[in-house]
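One structure below.
Hydrogens, waters and symmetry mates are skipped; everything else that's a heavy atom, side chains included, is used. No experiment lies behind these values; they were computed from the predicted model shown. Numbers for residues simply follow the sequence, beginning at 1.
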Amino acid sequence: MQVIGIIEDVVNENEALKKLLLENEWIIDNEFNVAEFICFEIK
């Protein structure tokens, strides 16, 4: 398992994933399977 990124100032997992992908084009470029991503909220 690895940390792909940390996203702040979103209200849910969908927003976090969208923001992660918009800010990090290399994720798609390197053909990561985004469907397998797991999101954890850190408070």
Side-chain angles (χ1 to χ4, degrees):
M1 196 177 289
Q2 64 186 20
V3 175
I4 300 294
I6 296 174
I7 299 298
E8 297 180 1
D9 302 323
V10 294
V11 294
N12 59 41
E13 290 183 20
N14 289 333
E15 277 192 31
L17 181 58
K18 182 178 178 180
K19 188 173 179 180
L20 176 73
L21 296 174
L22 287 172
E23 292 180 1
N24 298 280
E25 294 178 7
W26 60 268
I27 294 171
I28 299 298
D29 293 343
N30 288 294
E31 301 179 359
F32 278 85
N33 185 353
V34 179
E36 293 184 4
F37 281 15
I38 299 170
C39 182
F40 290 101
E41 181 178 6
I42 302 172
K43 293 184 178 187

message: Donor-acceptor check, side chain of Asn30 to backbone of Phe32, threshold 3.5 angstrom: yes or no?
response: no
statement: Rounded to the nearest 0.5 angstrom, the CD1-CD distance for Ile27 and Glu25 is 10.0 Å
task: Decide if atom CD1 of Ile6 counts as having more than 12 heavy atoms of other residues, nucleotides or ligands within a radius under 6.0 Å.
output: no
query: When you measure from the side chain of Lys19 to the backbone N and O of Glu8, does any donor-acceptor pair fall under 3.5 Å?
result: yes
query: So if you build clusters from Ile, Leu, Val, Met, Phe, Trp, Tyr with side-chain heavy-atom gaps below 4.5 Å, do Leu22 and Trp26 land together?
result: no
message: Taking the side chain as everything from C-beta on, heavy atoms only, tell me whether Ile7 gets closer than 4.5 Å to Glu15.
response: no
message: Within the 3.5 Å criterion, strictly below it, is a donor on Glu36 or Asn33 matched to an acceptor on the partner's side chain?
response: yes
message: Is any side-chain heavy atom of Ile4 closer than 4.5 Å to one of Asn24?
response: no
- prompt: In the single-linkage hydrophobic clustering (I, L, V, M, F, W, Y; side-chain heavy atoms under 4.5 Å), do Leu17 and Ile28 co-cluster?
  reply: yes
